[in-house]
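Every chain is numbered from 1 and lettered A, B, ... according to where its sequence line falls, protein lines coming before strand lines.
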Protein chains: 2
Amino acid sequence: MQKIIYLHYKFDSMFSQSEENYLKAIYHLGITSVNGVSTNAIAKKLSTKASSVTDMIKKLADKNVLIYKKYQGVKLTEEGKKTAALIVRKHRLWEVFLVEKLNFNWDEVHDVAEQLEHIKSSKLINEIDALLGFPKFDPHGDPIPDTNGNLHLIEKKLLSTLHINETGICIGVKDSSASFLQFLDKQQIALGQEVEVLEKEDFDDSMTIKINDKKMTVSNKIANNLYIQKQ
Amino acid sequence: MQKIIYLHYKFDSMFSQSEENYLKAIYHLGITSVNGVSTNAIAKKLSTKASSVTDMIKKLADKNVLIYKKYQGVKLTEEGKKTAALIVRKHRLWEVFLVEKLNFNWDEVHDVAEQLEHIKSSKLINEIDALLGFPKFDPHGDPIPDTNGNLHLIEKKLLSTLHINETGICIGVKDSSASFLQFLDKQQIALGQEVEVLEKEDFDDSMTIKINDKKMTVSNKIANNLYIQKQ
DNA sequence: AATATTTTTTAGACAAGACTAAAAATGTTT
DNA sequence: AAACATTTTTAGTCTTGTCTAAAAAATATT
Ligand SMILES: [Mn+2]
Ligand SMILES: [Mn+2]
Ligand SMILES: [Mn+2]
Ligand SMILES: [Mn+2]
């Protein structure tokens, strides 16, 4: 008796949308840690359940994009890393496109980019790249991987780690939620602006800074989510 | 005992990708015929099986986008027509974008547009529309529905129906397969060019025409797939 | 009118991707 | 080392969208 196997995916797409989302989540979680990425961490990132994650990582291990040993968490293989980086590349290039060409604000782009990152066409994304003049960073200051999935990491530190009288340039956000971005807009804080630390309050870790030639006080929560490039 | 119902779709997307493809197929098939669209016709258009179509049209009928009576074929409701037209609008606007802004040839755009048409964001598609200067036709000469899903149909006839000495402008293709479009490129036939019928051959229904100030003979198969606007 | 053919529907199955609940493994305290 | 807590896996179920095979209805042909 022969078992019939149905193939419900298109042949030109190596990975399903769901598989791509898992790869991307594991990629992001894996950048910081040197250990394997835990099932629970992936579940949390994707707002799904640990049992669903176990199912999926088994499948991805079969496809050789990650290494999985029971109870040991997962690690992306080189192929997995590249695949994930190319999805991140698409996500960030689309974000730049939406801001630069379609009048989106930086707090409106993420959800649309989450959809657009799954479009399969290398010509499409390379032409978008060219149209934008090969940008190196997305609207939130995150670096854009190149066509091979290589990422050029830049030296940056959180505003909260700067000492009094230190200066730098605001180059990115750690939290890129719409509410934080809208808050920055309201405070007229934008990427590219020069920052100088004037005072630090030990009591609540708030800081007084000069930014955009304006003096203002920011809470620790803000200072902990703004990336500064030291000069 | 309580039955648990799982909701596996996102709340902001009314229809799944698959449902959208069915709606679009029924929309295209329904334009010509005054009767209902048959199960088999839909199956053929979507390269699927009649049984799958029956399942899906029941579901779409429950969602009030079409009317279904067993064995009678289906007809889109007003809501269904509008939904389908807005997907067609997205497909065609993306095709224009790819050709006008990203250096795609008209034979390369369809497959990518098939993916892009499912992106959910009204701001996105309206901004693309504006960026392109609110085009009325796609690269194949097909009309682009407006934001309400209304379509402005234009008077056109197939080249094969023109008589000797009649003239017109080449405004569209009926067959928009890559092979036909590439053939037209090779013959240097493009939309917008003026056409005059010089001779018609009864034997094989071929025609001699003057197009782009060049005299050439085209087979009936060609003449049957080129739309002409009478002057 | 009866029979044959085609179309459509139903019934039952499968794969992907999700869930819950329970079992098993690992980690942390005492 | 044993008990407790947490994490991870397994087992079983569900939905969506597909399939094949067979039954039923509608059409076409004799
Ligand atoms: Mn983003
Ligand atoms: Mn970003
Ligand atoms: Mn098309
Ligand atoms: Mn087209």
**Message:** Taking any heavy-atom pair under 4.0 Å as a contact, classify Thr48(B): base, sugar-phosphate, or nothing.
**Reply:**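 Sugar-phosphate, no base atom in range.
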**Message:** Need one value for Ser18(B): base, sugar-phosphate or nothing, where a base atom within 4.0 Å counts as base even if backbone is also close, heavy atoms only.
**Reply:**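 The residue Ser18(B) makes sugar-phosphate contact but no base contact.
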**Request:** Would you kindly give the CG-to-C1' distance between Asp55(B) and dA13(C), to the nearest whole Å?
**Result:**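 After rounding, the gap between these two atoms is 12 Å.
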**Value in whole Å for how far the P atom of dG27(C) lies from CG of Asn35(A)** =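 Those two atoms, CG and P, are 11 Å apart.
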**Asked** Quick one: do Arg89(A) and Asp129(A) make a salt bridge, cutoff under 4.0 Å?
**Response**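 Salt bridge present between Arg89(A) and Asp129(A).
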**Prompt:** So does Glu79(A) pair up with Lys82(A), basic N to acidic O under 4.0 Å?
**Reply:**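 The answer is no: the pair does not qualify as a salt bridge.
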**Message:** Below 4.0 angstrom, which residues in residues 37-47 of chain A have at least one non-hydrogen atom near DNA chain D?
**Reply:**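 Contacting residues: Ser38(A), Thr39(A), Asn40(A).
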**Prompt:** For DNA chain C, which residues in residues 65-73 of chain B have a heavy atom at a distance below 4.0 Å?
**Reply:**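 Those residues whose heavy atoms fall under 4.0 Å from DNA chain C, taken from residues 65-73 of chain B in numerical order, are Tyr68(B), Lys70(B), Tyr71(B).
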**Item:** Distance-only polar pair, side chains of Asp146(B) and His152(B), donor-acceptor under 3.5 Å
**Value:**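 Judged by distance alone, the side chains do not pair up.
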**Item:** Check: Ser177(B)/Ser179(B) side-chain N/O donor and acceptor closer than 3.5 Å
**Value:**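 On atom types as modelled, these side chains qualify, holding a pair under 3.5 Å.
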**Prompt:** Under 3.5 Å, is there an N or O donor on one side and an acceptor on the other linking the side chain of Ser51(A) and the base of dT20(C)?
**Reply:**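 Present.
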**Request:** Please state whether the phosphate of dT9(D), meaning OP1 or OP2, lies under 4.0 angstrom from any side-chain nitrogen or oxygen of Thr54(A).
**Result:**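 For dT9(D), OP1 or OP2 has a side-chain N or O of Thr54(A) closer than 4.0 Å.
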